[in-house]
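Notes follow the structure.
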Amino acid sequence: MEQAKIKNIISQMTLEEKAGLCSGLDFWHTKGIERLGIPSEMVSDGPHGLRKQDQAADHLGINDSIQAVCFPAGCATASSFDRDLVRKLGETLGEECQAENISTILGPAMNIKRSPLCGRNFEYYSEDPLVSTEIAGALVHGVQSKHVGTSPKHFMANNQEYHRMTSSSEMDERTMREIYLASFEGMVKKEKPWTIMNSYNKLNGTYLCENKEMLTDVLRKEWGFDGYVMTDWGAMNERVEALKAGCNLEMPSCGGTTDAEIVKAVQNGELDEAVLDQRLEEFLNIIFRYEENRDQKAVFQLERDHGIARQVEEECIVLLKNEGDLLPLSPDKKAAFIGKYAKAPRYQGGGSSHINSFKVESAMDAVKFCENVKEENIVFAQGYDDAEDLTNEALLEEAVEAAKNAEIAVIFAGLPDNFESEGYDRKHMRMPDCQNRLIEAVAEIQSNTVVVLHNGSPVEMPWIGKVKAVLEAYLGGQAVGGAVVNVLYGNANPSGHLAETFPLRLQDTPCYLNYGGEHDKSVYSEGVFVGYRYYASKDMEVLFPFGHGLSYTTFAYSNLSVGKEKMTESETLTVTVDVTNTGEIAGKEVAQLYVAPKGGTIIRPVRELKAFEKINLAPGETKKVQFTLDRRAFAYWSTQIHDWHVGSGEYEIQIGRNAQDIVLSHSVAVESEVHIPKVFDFNSTMGEILADPKGKAVLEQAMASMAGAEEAQEMGEQAQGDGGAINSEMMAAMMEGMPLRQLISFVPGVTKDALNQLLMALNL
């Protein structure tokens, strides 16, 4: 609808009607005004399926919703590294929303995985902001191509479930920009989501619902967001302040309480009615956008979408280990499928994203219909019951016997529902003890043991050296069984890569000492060193690095080429690399490009992912992959100028199989076009001044005039002393750290007036 018409509708509203539109009608609907033609619209939880509730409402998945399709969760889909695949998933979700008259699906969830302990990590995409923003952008694009809104969440810094409604995420400006805001930035700028959901928590002491810097200055003015902001359910704090900050819609219904607060604030002059009108204009623009693009013919195709869920999961599964090429399995070999999850897979997380799946496909179901599988060669043993994490000796004995009588043992394990969920954080990274004991016992008597993991976040693997193969299925949606069996038997070639690091142990994680915080403050003291940025910079051993993923074929990289050896920051750099499938079957590879700054005075990660591309290659085929890097690929956030800044210097373009396996590299010299003015004072050091080209010239000229050559030589001789206690190297180090004011004490002829004259020249 044209903006003029929307403004006209708003002009006809009473103050009470205006205020009323700022909160929900009930748990899942926005309010409408029938006399003005404003419809009431429904929103639904997501982001990996519809959780549409018709009757009793809740936000944590306790009450039933309609039967729907559960697709792989964010932890899995990010591992696909496949924008096209996730875009197709988004299109499917958009069609389902149209069929169910849902105007907006609440997702994607795209907070950074700061720690493996976050209870909601199964919904989130990555520890890396580029992967997060690109994969989320693909989902948003797909959904909104069907004229249905998305609500990317939780904006921002919702990186723990512990006290998420009251805790304050405390971080510096650079950390915020380079990691946590960057997770949303590219998605917002490129895909223009219809809505944004703010998080429960505070950011540096201010609740996100009333954080004007985030909701207006950054989101709207800087990034160009033109939709409406809704609260997470129950995340409203001060309604009038939130309205001023840029929060349009409070969800769910407030029962009229905060509507009355808005009316009163306008009447007493606390709130300018023009601000209220602006919030309504942003809101109604989206409401009418959906209403004018309704697809009355859309049909929810359950079986078709179940098949899509299986296809998506096949692309997401990560082959972590495959010793001796044990996988893919031969259908002629006897296999024991061991573990509760082989018959009853854990395929989704708990909480607001919980889908009422119309059917669930287990691995034991799938062996009946998957190609290249002989059902008669597969036996099942439950192995464990992890409801209370107690070893059932009878089940364990049965599993060991089945493994002994088979040629291969495939153990289906992972994390039970109560280990990770919305609402609380994990206490550790361990799998249930009963499962670990089962894996150890089976591996002891069966050398050909495979572990298939169903989990939403990294786990410790004390048995990793005793098993030959590990498949990470993550929470793979309701068709996970078919996808896993297809990968196990080679009907699908695994092509997933980890979008997060699997550390060896919890104590190795960068925020281990601070995660969760105290006194409702969580201090992000690790700064920009999140995930692989930390592990790679420390050259630390991990269980499996970010970006890791094996295949049933092999790939080789060659002919790395950069478009230019030297460039200015305003230029773009074209990078190409050849990728060849050197194996005997078709497969997909994720080419990863990292940028590594060399030198400089700014503390930066040793490398950062700046581009990636997933490519499909036939046996023997070579494809040239092209990347284009702009200034942001080389920039860091400068707290001096409060903007992105490219420092002049050498940068290494690195092609990696993962964040710790760099196979090709090429250096490029980049020249900054923005000079950050340096302001010197009496406490500025000689080293700081000499490192600045202008400062060096001014200082050397001034020193020559303030102290003659003889005095300077005398000072050097005195400093070394009779015994040579201070050598030239020590003298240089002391001079580098010497503040200007000390020149008065150590350099004959230097006065305070002379230093004032020097500072004036330096700061011109």
Side-chain angles (χ1 to χ4, degrees), residues 72-73 75-76 79 122 310 313-323 325-329 333 335-348 360-367 370 373 378-384 386 399 402-403 406-416 419 431-432 434-436 438-443 446 448-464 466-496 498 502 543-544 548-552:
C75 58
S79 296
F122 63 87
R310 186 190 304 125
E313 170 63 1
E314 287 173 1
E315 298 273 342
C316 299
I317 292 173
V318 185
L319 179 58
L320 295 177
K321 180 179 180 179
N322 193 20
E323 184 181 317
D325 293 332
L326 177 61
L327 297 178
L329 301 177
K333 291 188 175 181
F337 278 21
I338 299 170
K340 172 182 173 182
Y341 297 160
K343 274 193 174 180
R346 179 163 182 259
Y347 63 94
Q348 65 174 324
V360 179
E361 183 178 284
S362 72
M364 290 305 296
D365 294 329
V367 298
C370 284
V373 180
I378 298 173
V379 298
F380 170 76
Q382 181 174 328
Y384 61 84
D386 56 8
E407 295 172 87
I408 297 164
V410 183
I411 303 175
F412 294 75
L415 298 177
F419 270 48
M431 288 167 53
C434 64
Q435 292 188 20
N436 283 331
L438 170 69
I439 296 171
E440 296 270 2
V442 169
Q446 176 52 262
N448 294 322
T449 296
V450 180
V451 176
V452 178
L453 292 171
H454 298 72
N455 48 297
S457 48
V459 294
E460 295 172 358
M461 303 182 197
W463 36 259
I464 189 62
K466 301 177 183 178
V467 302
K468 282 192 175 177
V470 181
L471 275 183
E472 176 57 80
Y474 277 117
L475 301 186
Q478 67 181 53
V480 64
V484 166
V485 170
N486 277 335
V487 169
L488 283 172
Y489 284 88
N491 298 324
N493 192 347
S495 61
L498 292 179
F502 274 46
L543 186 59
F544 295 107
H548 171 73
L550 304 177
S551 170
Y552 294 156

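Computed over heavy atoms, backbone and side chain alike; hydrogens, waters and symmetry mates excluded. These numbers come from a predicted model, not from an experiment.
With sequence neighbours excluded, no residue satisfies side-chain hydrogen bond (donor to acceptor under 3.5 Å, both in side chains) with Glu323. Here Phe419 pairs with His428 under the ring pair (Phe, Tyr, Trp, His ring centres under 6.0 Å) rule; sequence neighbours left out. Take Glu407 and apply the salt bridge (Lys or Arg N to Asp or Glu O under 4.0 Å) test, not counting sequence neighbours, and it matches no residue. Taking Glu314 as the reference, nothing meets the salt bridge (Lys or Arg N to Asp or Glu O under 4.0 Å) condition, with sequence neighbours excluded. Annotation: ring pair (Phe, Tyr, Trp, His ring centres under 6.0 Å) contacts of Phe544 (sequence neighbours excluded): His548.
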Would Leu498 and Tyr474 count as a side-chain contact (heavy atoms from CB on, under 4.5 Å) if you check the C-alpha gap in whole Å, the side-chain angles of each, and the deciding distance to 0.1 Å?
-> CA-CA 10 Å; Leu498 292 179; Tyr474 277 117; 3.5 Å; yes
Check against side-chain contact (heavy atoms from CB on, under 4.5 Å), Ile378 and Met364 = CA-CA 9 Å; Ile378 298 173; Met364 290 305 296; 4.3 Å; yes
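At a threshold of 4.5 Å between non-hydrogen side-chain atoms, the residues Ile411 and Val450 do not count as touching. Side-chain contact between Pro432 and Pro416: present, with at least one pair of heavy atoms (C-beta onward) separated by less than 4.5 Å. In this structure, Val451 and Trp463 have side chains that are in contact, with non-hydrogen atoms separated by less than 4.5 Å. Looking at heavy atoms from C-beta onward, Leu550 lies out of side-chain contact with Leu320 at the 4.5 angstrom threshold. Counting heavy atoms from C-beta on, the side chains of Val480 and Gln478 never come closer than 4.5 Å. At a threshold of 4.5 Å between non-hydrogen side-chain atoms, the residues Lys333 and Leu329 do not count as touching. Using a 4.5 Å cut-off on side-chain heavy atoms (C-beta onward), Leu471 and Leu327 make contact.
Looking at Glu472, its side chain never comes within 3.5 Å of a backbone N or O of Val318 through a donor-acceptor pair. Here the side chain of Gln446 pairs a donor or acceptor atom with the backbone of Ala403 at under 3.5 angstrom.
Taking the six-membered ring where tryptophan is involved, the planes of Phe412 and His454 are tilted, since the angle between them lies from 30° to 60°.
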Under 3.5 Å, sequence neighbours excluded: what are the donor-acceptor pairs made by side chains of residues 336-346?
residue : atom : partner : partner atom : Å
Lys340  : NZ   : Asp386  : OD1          : 3.1
Tyr341  : OH   : Asp386  : OD2          : 2.7
Arg346  : NE   : Leu415  : O            : 3.3
Arg346  : NE   : Asp417  : OD1          : 2.9
Arg346  : NH1  : Leu415  : O            : 3.1
Arg346  : NH1  : Glu420  : OE2          : 2.6
Arg346  : NH2  : Glu420  : O            : 3.4

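For the pair Ala413 and Met431, the tightest heavy-atom approach, listed with the atom from each and the gap, is CB-CE, 3.7 Å. Minimum heavy-atom separation, Gly476 to Pro72: O-CG, 3.4 Å.
In this structure, CD in Glu315 is found 14.0 Å from CZ in Arg310, a value given to the nearest 0.5 Å. How far OH of Tyr552 is from OG of Ser495: 11.0 Å, rounded to the nearest 0.5 Å. Atom CD1 in Ile317 sits 10.5 Å away from atom OG in Ser79 (nearest 0.5 Å). Note that CG of Leu475 and SG of Cys316 are 11.5 Å apart. Values are rounded to the nearest 0.5 Å.
Asn436 and Glu460 are not linked by any side-chain donor-acceptor pair at a separation below 3.5 angstrom, with hydrogens and angles left out of the test. Counted by atom type alone, Asn322 and Lys468 present zero donor-acceptor pairs between their side chains at under 3.5 Å.
Each of Val410, Val442, Leu326, Ile408 was evaluated against Thr449; a single residue qualifies, Val442, per the side chain to side chain contact (heavy atoms under 4.5 Å, CB included) test.
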